[in-house]
Amino acid sequence: MSRLECKNSVEKVSDVVSGKEDSKPSVKRKRLAVFVSGGGSNFRSIHQACAEGAVNGDVVALVTNKHACGGALYAGDKGIPVVLFPKTKDEPDALSSDDLVNVLRRFEVDFILLAGYLKLIPVELIRAYPRSIFNIHPSLLPAFGGKGYYGLKVHKAVIASGARYSGPTIHFVDEHYDTGRILAQRVVPVRANDTPEELASRVLVEEHKLYVEVTAALCEDRIVWREDGVPLIQSKENPEEYY
Ligand SMILES: Nc1nc2c(c(=O)[nH]1)N[C@@H](CN(C=O)c1ccc(C(=O)N[C@@H](CCC(=O)O)C(=O)O)cc1)CN2
Ligand SMILES: NCC(=O)N[C@@H]1O[C@H](COP(=O)([O-])[O-])[C@@H](O)[C@H]1O
């Protein structure tokens, strides 16, 4: 039996037990909190996908460390509550870690999506949302990740390295920067005369597609764990396939 067959057989058994062997159970619409620090194009892309029905979820809260950033302004325009975190001298009205957990619980958040959020997520939040916090990083992790690797700094390092390919990575969030389990990646060519801005723009186009695809899978309960601890996405078109 393959490493995934036992999972499928377990699911089939549960359908028979629940009397749903002939019909696919409807999946509860998921409640999402998105964390941003800047323009929020990934946030906007996910919000629009939810509104269009491509994602079985809703963005119920926007969390940011910059109250006037583009993502916060967009959220305000759309009537999405904006939550400030963490509490700093620049943002004295922002929440503490424990208060943030309580607010997210009150919003009944199922999953947390980091999208250009530039502060370290505290262990209190990670423990409160196990296997439920995701991040998108603009390089092929584990390369070009960790403290100091964000925004154009990532693309400058990729170009300086001579790498011929880059691309976005979506990973689970653990207590360190960019070391959580990798869930999805896409490959983007690095051109010989690329500027960091040109590479960033090419990668960002793929980020938007990848984050919507992964969030759709997440909200349809299509994320599974291989027995060696590697997370996989179950294909929507062919449920027997994983990637
Ligand atoms: N616990 C975790 N928190 C966060 C993660 C994570 O994987 N685990 N991912 C980051 C996002 N990120 C890369 O994808 C990242 C963001 C910021 C930094 C960084 O070096 N930040 C600077 C501060 C920058 C600023 O305030 O302008 C720093 O900490 O010195 C690295 C990687 C989000 N949180
Ligand atoms: N290490 C974290 C990091 O660099 N994240 C990157 O910040 C940008 C945010 O853009 P957006 O605000 O337009 O979504 C994105 O390119 C994202 O991958």
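All ligand and atom numbering here is 1-based and tracks the order in the structure. Both backbone and side-chain heavy atoms feed into the values below; hydrogens, waters and symmetry mates do not.
Residue contacts with ligand 1: Tyr149 is placed with no nitrogen or oxygen under 3.5 Å of a nitrogen or oxygen of the ligand (distance criterion only). The distance criterion of under 3.5 Å between nitrogen or oxygen atoms is met by Gly40 with respect to ligand 2. Looking at ligand 2, you won't find any N or O of Asp178 less than 3.5 Å from one of its N or O atoms. Distances between N or O atoms of Asn42 and those of ligand 2 include at least one value under 3.5 Å.
If you run side-chain contact (heavy atoms from CB on, under 4.5 Å) between Leu32 and each of Phe134, Phe107, Phe111, only Phe111 comes through.
The closest heavy-atom contact to atom 3 (C) of ligand 2, among the options Pro138, Gly148, Ala200, comes from Pro138. For atom 22 (C) of ligand 1, the nearest non-hydrogen atom from the set Phe144, Phe35, Tyr150 belongs to Tyr150. Looking at Thr169, Leu118, Ile121, Thr179, it is Leu118 that brings a heavy atom closest to atom 21 (N) of ligand 1. Among His137, Lys66, Lys119, the residue whose heavy atom lies closest to atom 34 (N) of ligand 1 is Lys119.
If you check which protein heavy atom lies closest to atom 12 (N) of ligand 1, you get Asp178 OD1, 3.8 Å. Of the protein's non-hydrogen atoms, the one nearest atom 33 (C) of ligand 1 is Tyr117 O, 3.1 Å. The protein heavy-atom contact nearest to atom 20 (O) of ligand 1 is Gly148 N, 2.6 Å. Closest protein heavy atom to atom 7 (O) of ligand 2: Gly116 CA, 3.7 Å. Of the protein's heavy atoms, Glu207 OE2, 2.8 Å lies nearest to atom 16 (O) of ligand 2.
Atom NZ in Lys87 sits 7.0 Å away from atom CG in Leu95 (nearest 0.5 Å).
For ligand 1, the atoms sitting less than 4.0 Å from at least one non-hydrogen atom of Ile126 are 1 (N), numbered in the order shown with element in parentheses. Each of the following atoms of ligand 2 lies closer than 4.0 Å to a heavy atom of Gly151: 3 (C), 4 (O).
Only the backbone of Tyr149 comes within contact range of ligand 2, with a heavy atom under 4.0 Å; no side-chain atom does.
Salt bridge present: Asp194 and Arg202 bring a charged side-chain N and a carboxylate O closer than 4.0 Å.
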